[in-house]
Amino acid sequence: MRQPIDILKNIFGYTSFRPGQEEIISNILSGRDALGIMPTGAGKSLCYQIPAVLTDGTSIIISPLISLMKDQVDALRQNGVQAASINSSMEWDDVVSIFRLVSSGRIKLLYIAPERFENNGFREFFHSIEIGLVIVDEAHCVSQWGHDFRPSYLNIAPAIKSLKRRPVVAAFTATATPEVRDDIIRQLGLESPFSVTTGFDRENLFFQVEHPADKTKFLLDYVSKIPNASGIVYCSTRKQVESVCDKICRTGISAVRYHAGLDDDERLRNQEAFIYDKAGVMVATNAFGMGINKSNVRYVIHYNMPANMDSYYQEAGRAGRDGLPADCILLFGPKDVMTARFFISQCEDSGTKKSAYRKLRDMVDYCHTTGCLRSYILNYFGEEDAPGNCGSCGSCTSQTELVDVTTEAKKIISCVYRMAEHTGGRKFGSAVLTDVLRGSQKARIKSLGFDKISTWGLMKEYRVDDVRGIVDFLVAQGFLQTEAGEFPFLSFTENSLPFLKSRTKLLMRKQEEKAEKRPLQKNRHTETVNEELFDVLRSLRKELSAAEGVPPYIVFSDKTLAAMCDMLPSDKDGLLEVPGVGQAKLEKYGDAFIYAINSWRGDTARRH
Ligand code: ADP
Ligand code: MG
């Protein structure tokens, strides 16, 4: 019998399994239900594709989005695996012809949307075929607790129950919260599933927070340093999307836009242009990204701070699915906090509102922490053994000076104390606090009598943003807190008084005035790779993919191209050694890539 490792090598062209994959595969093959909770890009698909190839009959894969199904089917076919999908955009005739292929045993993996189970014709068909496995991808959609609840996912369990012989059922998701996990097991009726949860870290992602005085300049500098790379820029409003997209286009780099205000046609066209590498940069609101599996996204820049860490990690996580280094950069500006607060204040339900404000505070803290950003993220998602110093985030690699802000911090905290004292315990936000510290003569300040308190004007010589920056920093460090309400009133924490009395020094990363002072992240994957050859192979890939009608990353991932540049295979045997090159792709594309590599080698030899 063929073994999973043979399938991994011959069909998918990879040499070894990633964490969790082998265990899940062998459990499914031994007849046990399974639940895989692994982050984006961890390789969940292979966990069920390999068992599906090795199991008799047709395996049914339930997936929530047409684009995801299409992507997977394209990728499987490229690797010579018989796969198809049935979705709502198809004519009934086409559906029937797929039924026919399945019935004659010519489809190993059939991707369907959960709504299919509501259709009589499909249900009949479902009962008439030999089913291998039933796989539920993006299984968090079955849970009300998740962010993408899909009622039709509730059809899955009854459909499985109605079968004469119950197949093995396996479910996969990247959402790790216990409520969602329990829901998946219950709602899908998994029977004592073998369950694997791998860590949430994405090692190849470099996290960075910038506080640029001029965001546009920072962005354009960054983007134009790696003009050939594919990237996503997220903005919080449609207007911002339009203006940022225009600015990038004006530098000569092709960017496209995506937001809910555009008509379907343009959205689809722009999305395709991005996926097919015709446009390098996608500028979008958070409406973009669900169901996008493009693996060669080299950076995700947030032009505005998102409303919470959950959204941030999900959006930033769209970078580097192929496992190559990718950057996740957040451009923080004080206005972003106001925008986020405004959106939350529009919300009706007070419970939701409160938790939204709390989540916003965690997000703002991320933007101000001087600690390891990766650890902050992992802690947020409940991983207790985060490293503390990852060595590959903006904080851990920062060369920026740390400045001693002990005196300023004490002035600020004392001022919060004096203001409360003077008004019988009232609390104020950082705008009023900053006014008092800078000795403002505003009527409101005077009417509150704050021009009489001892801390008035203590920080006269500081700029508003500098004071605010230190206040935010103190909140991030837990020396002050803001209430989780519409108005972020400042108050003490249990650390405030001890700090005022202590002699400990407080160091804060220096705020940059100009973006260009800071060294930009390089496109790090090209450090080890020959960039010239990489570009040659990238164009070849694009040409071949256009002829095949699939996105370039489906032909070969960036990682596979990079490996070709490192290994410089000169014949088919050599090419087969490259990760990501399996038998089917070797036959299809082998000659073209070997020819390209060999002629590039010949050219460079002649030049030297
Ligand atoms: P997920 O569904 O978990 O987000 P995917 O299944 O889409 O992730 O896999 C992400 C990428 O990792 C794909 O390009 C896939 O081919 C690759 N991959 C998966 N398993 C392996 C492996 N064992 N070795 C090398 N690459 C792998
Ligand atoms: Mg997936």
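Sequence positions, counted from 1, serve as the residue numbers for this chain. Keep in mind that this is a model prediction, so the values were computed, not measured. In each ligand, atom 1 is the first atom listed, and ligand 1 is the first ligand listed.
- Distances shorter than 4.0 angstrom occur between a heavy atom of Gly41 and an atom of ligand 1.
- For atom 13 (C) of ligand 1, the protein comes within 4.0 Å by no heavy atom at all.
- Between Phe593 and Phe556, the ring-plane angle classifies as perpendicular under the 30° and 60° cut-offs.
- A donor atom on one side chain and an acceptor atom on the other are found under 3.5 Å apart for Tyr553 and Asp71.
- Heavy-atom distances between Gly323 and ligand 1 stay at or above 4.0 Å for every pair.
- Using a distance-only test at 3.5 Å, with no hydrogens or angles considered, no donor-acceptor pair links the side chain of Asp94 to the main chain of Met90.
- No N or O atom of Thr40 sits closer than 3.5 Å to an N or O atom of ligand 1.
- In Pro579, neither the side chain nor the backbone holds a heavy atom less than 4.0 Å from any atom of ligand 1.
- Among protein heavy atoms, atom 11 (C) of ligand 1 sits closest to Arg321 O, 3.7 Å.
- For the residue pair Ser392 / Arg374, a side-chain donor-acceptor distance below 3.5 Å is found, with atom types taken as modelled.
- Protein heavy atom closest to atom 16 (O) of ligand 1, with residue, atom name and distance, is Tyr14 OH, 2.7 Å.
- In this structure, Leu46 has a heavy atom closer than 4.0 Å to ligand 1.
- Annotation: side chain of Ile112 is in contact with side chain of Phe117 (closest heavy-atom distance under 4.5 Å).
- Side-chain contact between Lys359 and Asp310 is present, with heavy atoms from C-beta onward closer than 4.5 Å.
- Ser143 contributes no side-chain N or O that, together with a main-chain N or O of His140, makes up a donor-acceptor pair within less than 3.5 Å.
- Each of the following atoms of ligand 1 lies closer than 4.0 Å to a heavy atom of Ser16: 22 (C), 23 (N), 24 (N).
- Counting only N and O atoms by type, the side chains of Tyr111 and Asp137 include no donor and acceptor under 3.5 Å apart.
- Ring planes of Phe172 and Tyr48: tilted class, angle from 30 to 60°.
- Taking OH of Tyr234 as the reference point, atom OG of Ser311 lies at 10.5 Å (rounded to 0.5 Å).
- Annotation: cation-pi pair Lys278/Tyr276 present, NZ/CZ under 6.0 Å from the ring centroid and within 45° of its normal.
- Residue contacts with ligand 1: Gly43 is placed with a nitrogen or oxygen under 3.5 Å of a nitrogen or oxygen of the ligand (distance criterion only).
- Contact analysis leaves Ser295 out of contact with ligand 1, as no non-hydrogen atom separation drops below 4.0 angstrom.
- Residue Ala75 places no heavy atom under 4.0 Å from ligand 1.
- The single protein non-hydrogen atom nearest to atom 20 (N) of ligand 1 is Gln21 NE2, 2.9 Å, given as residue, atom name and distance.
- For ligand 1, the atoms lying closer than 4.0 Å to a non-hydrogen atom of Pro39 are 3 (O).
- The ligand atoms of ligand 1 that sit less than 4.0 angstrom from a heavy atom of Phe17 are 23 (N).
- When only interatomic distances are considered, the shortest N/O to N/O separation between Arg18 and ligand 1 falls below 3.5 Å.
- Of all atoms in ligand 1, numbered sequentially from 1 with element shown, those under 4.0 Å from a heavy atom of Ser45 are 2 (O), 5 (P), 6 (O), 7 (O).
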